[in-house]
Participant: 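Handing you this structure, nothing more for now.
Sequence positions, counted from 1, serve as the residue numbers for this chain. Below, each value reflects all heavy atoms present in this structure, side chains not excepted, and no hydrogens, waters or symmetry copies. Note that ligands are numbered from 1 as they come in the structure, with each ligand's atoms numbered from 1 the same way.
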Amino acid sequence: MKNDYFYVTTPIYYVNDKPHIGHAYSTIIADTIARYKRLCGYKTFFLTGTDEHGLKIEKEADSRGITPKQLADSVHIKFKELFNAIDISFDRFIRTTDEDHIRTVQIAFKKMAANGDVYLSEYEGWYCTPCETFITEKSLMEGEKCPQCGRPTSKVKEKTYYLKLKKYEKQLLDYIEKNPDFIKPDFRRNEVLSFVKEGLEDLSISRTSFKWGIPVPGDEKHVIYVWFDALLNYLTGIGYEDYLNGKNPDFPLFFKTANHIVGKDILRFHAVYWPIMLFSLGIEPPKSVTAHGWWLTEGRKMSKSAGNAVDPISLIETYGSDPLRFYLLSEITLGLDGDFNADNFILRYNSALANDLGNLVSRTAAMLNKYTGGNVPGTDSASEDDGILKTCADILKNLDKRYDEYGFAKILEDIFKFINILNKYINDSAPWKLNADDPEQKRKLLNILRTASISIYYISYLIYPFMPETSRKINDIFNIQPFDAPGFSAGVDSISEVCEGLFKDGLRIAEKAEIMFPKINTDKNIKK
Ligand code: MSP
């Protein structure tokens with residue numbers, strides 16, 4: 001195990017409604033990177049969960065005639081079910097109604113107040129409940145609509161505690177400027193910089209006009225603003241309270257490496273308000289905040305309220321989890337928006353997964369069973385790879401860097417190029433035409449089968465973070481332990497050694513390899 005730490009988080013999801021593929025997307029991004037880092041031997045912590053307080057949840061519960069806690073109890077299960085169905089390997093699923101989180105929020109509030117960063121005053125202005133955001137007069141759209149979601153805002157006038165943002169404006173600007181990788185991608189970083197340069201206003205962090213939230217310690221008429229509460233989940237999740245009590249020395253080591261994955265709509269909370277809350281607590285801001293784009297349907301942001309949400313569960317039931325993971329990560333470059341299109345999903349499934357990857361594995365297994373009795377030749381009987389493994393070595397060389405850039409679409413593109421090179425190599429060298437009784441042709445045959453098998457092992461390694469189930473199935477065929485077997489780790493510098501060891505004396509494969517990606521009949525359509 002490396003002595004390096006890696007901490008990755010998703011946004012915590014509102015429990016006003018069941019999840020759609022936009023929510024699956026944030027979580028799959030974080031899962032992929034967490035799996036990769038674990039595979040490389042990092043001490044990894046992956047946090048996800050649900051955001052359960054605030055006016056939006058209270059209103060939704062009212063409209064259903066249940067309490068907010070009942071609503072949260074039932075909807076958070078839907079997120080857990082989805083995450084289970086798409087193989088999300090979180091280390092903790094946090095709920096903002098968890099006791100340790102409530103305590104952590106109150107501790108943080110008191111600490112900021114003790115540092116002189118909180119004061120009581122009055123807020124008079126606009127509030128967007130769907131976004132849970134205070135809207136300044138100057139940014140309101142026509143008809144007093146929210147500039148973010150376009151829905152009507154409401155006028156609020158109430159006593160509130162403020163957090164001093166202005167005080168930290170300069171410190172934040174310096175921090176963003178000195179840490180070019182703090183906000184990704186670059187064009188988003190520039191947006192945040194110009195927002196901060198326009199000047200910050202202090203942030204209202206409590207409400208008195210409803211009840212569903214964490215009480216302000218010492219002034220229980222106020223509940224803490226839901227975003228102040230929610231952002232602190234990133235501290236609760238890795239044991240801030242225990243750390244303050246001298247019981248968790250790992251806390252700063254993890255937090256220093258924190259990578260927050262967020263949608264572009266919530267970047268400002270993470271790149272402006274959150275670092276300032278941390279400055280006030282005396283904690284260095286996270287390593288990075290990465291903003292991804294939106295999944296659209298027919299050009300509009302997918303959401304339950306727009307009535308265009310694609311249900312991930314029905315997709316998974318029909319096509320499996322890995323195809324969805326593959327599609328979401330390969331189809332758009334992180335940071336940009338993408339249109340979810342059912343026909344395109346099926347097209348990509350059939351061509352990349354069924355034809356290219358699925359076929360490669362099943363034809364190789366079939367050839368091994370036919371020509372060598374299911375034995376992958378060892379080094380003593382086959383040793384050349386006709387330059388094929390060089391392509392794979394090039395992918396490995398760039399892999400760490402690509403992951404650091406969240407270049408998922410590029411990594412997958414490289415892997416599938418390699419798969420196609422391998423398919424072409426098999427087609428061109430046509431092992432089925434070789435005569436096994438001729439020693440020279442036999443040598444050639446064994447070399448092809450060994451090269452294909454080793455390459456498939458590398459492919460299984462490379463796809464593991466993206467498609468863990470498929471990787472597991474491939475390893476099963478080759479009777480090799482999966483990449484998430486307890487205690488196993490191999491980074492890009494050590495995987496070739498692992499591979500050499502495994503394939504040295506040859507391997508015996510399973511007699512029957514199931515078809516991993518049955519071809520989809522294109523007349524069939526995706527249910528929304
Ligand atoms: N609860 C807040 C986050 C608090 S984090 C401390 C919240 N919740 S949310 O449920 O509304 O959204 C959660 C995430 O899902 C956000 O990152 C948002 O960008 C993402 N998505 C919601 N709809 C989306 C798409 N249509 N496409 C991609 N991601 C989208 O905001």
Side-chain angles (χ1 to χ4, degrees), residues 8-30 47-57 60 71-72 75-76 78-79 82-83 93-97 101 104-105 108 128-133 146 148-149 151 188 213-214 224-237 258-275 277-278 286 289-312 324 327-329 331-341 528:
V8 64
T9 68
T10 71
I12 48 172
Y13 303 97
Y14 287 130
V15 287
N16 58 314
D17 219 323
K18 64 177 192 184
H20 57 67
I21 63 163
H23 305 122
Y25 182 53
S26 293
T27 322
I28 290 170
I29 292 172
L47 181 71
T48 189
T50 40
D51 192 352
E52 305 190 350
H53 292 125
L55 184 56
K56 167 151 103 173
I57 309 299
E60 178 64 29
L71 176 66
V75 177
H76 96 279
K78 303 264 175 243
F79 281 89
L82 170 66
F83 296 169
F93 186 105
I94 192 170
R95 302 180 58 188
T96 52
T97 49
H101 179 69
T104 301
V105 172
C128 172
T129 306
C131 297
E132 295 284 19
T133 308
C146 168
Q148 176 74 41
C149 70
R151 283 175 277 197
R188 294 282 173 218
I214 300 175
I224 292 175
Y225 173 41
V226 62
W227 268 101
F228 182 96
D229 158 354
L231 288 162
L232 285 161
N233 92 87
Y234 303 133
L235 299 190
T236 312
N259 295 272
H260 299 313
I261 311 294
V262 302
K264 61 181 181 180
D265 48 325
I266 58 170
L267 178 61
R268 186 176 299 171
F269 297 94
H270 286 81
V272 179
Y273 307 149
W274 180 225
M277 288 167 67
L278 292 165
V289 178
T290 302
H292 65 69
W294 284 338
W295 280 97
L296 316 170
T297 30
E298 278 135 28
R300 294 176 64 207
K301 183 188 178 206
M302 187 183 301
S303 71
K304 185 73 187 180
S305 59
N308 62 354
V310 176
D311 175 8
L324 178 65
Y327 181 78
L328 294 182
L329 293 192
E331 195 58 17
I332 49 177
T333 299
L334 203 122
L336 308 180
D337 292 346
D339 211 84
F340 189 91
N341 175 294
K528 278 220 175 135

Participant: Using the ring centroid of each side chain, check whether Tyr25 and Trp295 are separated by less than 6.0 Å.
Facilitator: yes
Participant: As an exercise, identify every atom of ligand 1 less than 4.0 angstrom from a heavy atom of Ala230.
Facilitator: 6 (C)
Participant: With a cut-off of 4.0 Å, which atoms of ligand 1 are near a heavy atom of Gly293?
Facilitator: 28 (C)
Participant: Has the side chain of Asp311 got a donor or acceptor atom that lies under 3.5 Å from a matching backbone atom of His20?
Facilitator: no
Participant: If you have a sec, work out which protein heavy atom is nearest atom 6 (C) of ligand 1 and how many Å separate them, to one decimal?
Facilitator: Tyr234 OH, 3.5 Å
Participant: Could you list which atoms of ligand 1 come closer than 4.0 Å to a heavy atom of Met302?
Facilitator: 23 (N), 26 (N)
Participant: Between Asp337 and Trp294 (side chain of the first, backbone of the second, donor and acceptor by atom type, cut-off under 3.5 Å), is there such a pair?
Facilitator: yes
Participant: Hey, is ligand 1 close enough to Pro11 that some N/O pair sits below 3.5 Å?
Facilitator: no
Participant: When rounded to the nearest 0.5 angstrom, what distance separates OG1 in Thr9 from CD1 in Ile261?
Facilitator: 7.0 Å
Participant: Any chance you could measure Thr129, atom OG1, to Asn16, atom CG, to the nearest 0.5 Å?
Facilitator: 11.5 Å
Participant: Rounded to the nearest 0.5 Å, how far apart are CD1 of Ile29 and OG1 of Thr10?
Facilitator: 10.5 Å
Participant: Just to be sure I'm reading this right: ignoring hydrogens, which of His23, Arg300, His20 gets closest to atom 23 (N) of ligand 1? Compare them by their nearest heavy atoms.
Facilitator: His20
Participant: Specify the protein heavy atom at minimum distance from atom 20 (C) of ligand 1: its residue, its atom name, and the distance to 0.1 Å.
Facilitator: Ser26 OG, 4.1 Å
Participant: Of the backbone atoms (N, CA, C, O) and the side-chain heavy atoms from C-beta on, which set of Glu132 has a member under 4.0 Å from an atom of ligand 1: side chain, backbone, both, or neither?
Facilitator: neither
Participant: Please state which protein non-hydrogen atom is closest to atom 27 (N) of ligand 1 and give its distance, to 0.1 Å?
Facilitator: Trp295 N, 2.8 Å
Participant: What atoms of ligand 1 come within less than 4.0 Å of a heavy atom belonging to His270?
Facilitator: 5 (S), 6 (C)
Participant: For the atom pair CD (Glu52) and CD1 (Ile94), what is the distance rounded to the nearest 0.5 Å?
Facilitator: 10.0 Å
Participant: Indicate yes or no: does Lys56 engage Glu132 in a salt bridge with an N to O separation below 4.0 Å.
Facilitator: no
Participant: Would one find an N or O of Gly263, backbone or side chain, under 3.5 Å from an N or O of ligand 1?
Facilitator: yes
Participant: List the residues meeting side chain to side chain contact (heavy atoms under 4.5 Å, CB included) with Pro11, not counting sequence neighbours, and say none if there are none.
Facilitator: Tyr13, Ser26, Ile266
Participant: What protein heavy atom sits nearest atom 13 (C) of ligand 1, and how far off is it?
Facilitator: Tyr13 CD2, 3.5 Å
Participant: Measure Phe269 to ligand 1 on non-hydrogen atoms and call it side chain, backbone, both or neither using the 4.0 Å cut-off.
Facilitator: neither
Participant: Using heavy-atom distances only, which candidate in Val262, Ile266, Ile12 approaches atom 2 (C) of ligand 1 most closely?
Facilitator: Ile12
Participant: For Asp51, take its heavy atoms, then give the atoms of ligand 1 lying under 4.0 Å from any of them.
Facilitator: 1 (N), 2 (C), 4 (C)
Participant: Which atom pairs, donor and acceptor, lie under 3.5 Å between side-chain atoms of residues 230-237 and protein residues at least two apart or in another chain?
Facilitator:
{"from": "Asn233", "atom 1": "ND2", "to": "Ala230", "atom 2": "O", "distance (Å)": "2.7"}
{"from": "Tyr234", "atom 1": "OH", "to": "His270", "atom 2": "NE2", "distance (Å)": "2.7"}
{"from": "Thr236", "atom 1": "OG1", "to": "His101", "atom 2": "ND1", "distance (Å)": "2.8"}
{"from": "Thr236", "atom 1": "OG1", "to": "Leu232", "atom 2": "O", "distance (Å)": "3.3"}

Participant: Report the nearest protein non-hydrogen atom to atom 19 (O) of ligand 1: residue, atom name, distance rounded to 0.1 Å.
Facilitator: Asp265 OD1, 2.6 Å
Participant: N/O to N/O below 3.5 Å, does that happen between Tyr14 and ligand 1?
Facilitator: yes
Participant: Could you pull out the closest heavy-atom pair between Leu334 and Ala291, with the gap in Å?
Facilitator: CD2-O, 4.4 Å
Participant: Relative to the heavy atoms of His292, which atoms of ligand 1 are at a distance of less than 4.0 Å?
Facilitator: 28 (C), 29 (N)
